[in-house]
Amino acid sequence: MSKNISTFVNYCKACYDELVYKVTWPTRKELTHSTVVVLIASLVIAVVVWCMDVIFEAAMKAVYPA
């Protein structure tokens, strides 16, 4: 049991050391830029999917009139 606790403590120390000393955190400007890029890409994909849905709906109505 003591070995398991020791292993877990060593794991936590290694995680902390990596987060503090090895990870490169983005600046506010980089983070804002990345967020804007993701938002724009999400909107573009949503519009493309919506257009495909409208076209598919029109095609189905042409093939199977109600």
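Just so you know, residue 1 is the first one in the sequence shown, and it goes up from there.
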>> So which atom in Pro65 and which in Ala62 form the shortest heavy-atom distance, rounded to 0.1 Å?
In response: CD-O, 4.0 Å
> Considering only heavy atoms from C-beta outward, does the side chain of Leu31 approach that of Thr27 to under 4.5 Å?
Replying inline: no
> When rounded to the nearest 0.5 angstrom, what is the spacing between CD1 in Ile55 and CE in Met60?
Replying inline: 12.5 Å
>> Holding to side chain to side chain donor-acceptor pair (under 3.5 Å), I want the full list of residues that pass it with Lys29, two or more places apart in sequence or in another chain.
In response: none
>> Check whether Ser6 reaches the backbone of Ser2 with its side chain - one donor and one acceptor, N or O, closer than 3.5 Å.
In response: no
> How many angstroms lie between atom OG1 of Thr35 and atom CD of Glu30, to the nearest 0.5 angstrom?
Replying inline: 11.5 Å
>> Any side-chain to backbone donor/acceptor pair from Glu18 onto Cys15? Under 3.5 Å, distance only.
In response: no
> If you link I, L, V, M, F, W and Y whenever their side-chain heavy atoms are under 4.5 Å apart, who else ends up in the same group as Trp25?
Replying inline: Leu19, Val23
> Should we count CE of Met52 as having more than 12 external heavy atoms under 6.0 Å?
Replying inline: no
>> Rounded at 0.5 Å granularity, tell me how far SG in Cys12 sits from CG in Asp17.
In response: 11.5 Å
> In the hydrophobic clustering (ILVMFWY, side-chain contacts below 4.5 Å, transitive), which residues join Leu43, or is it alone?
Replying inline: none
> Are Ile45 and Val37 connected in a single hydrophobic cluster, I mean Ile/Leu/Val/Met/Phe/Trp/Tyr linked by side-chain heavy atoms less than 4.5 Å apart?
Replying inline: no
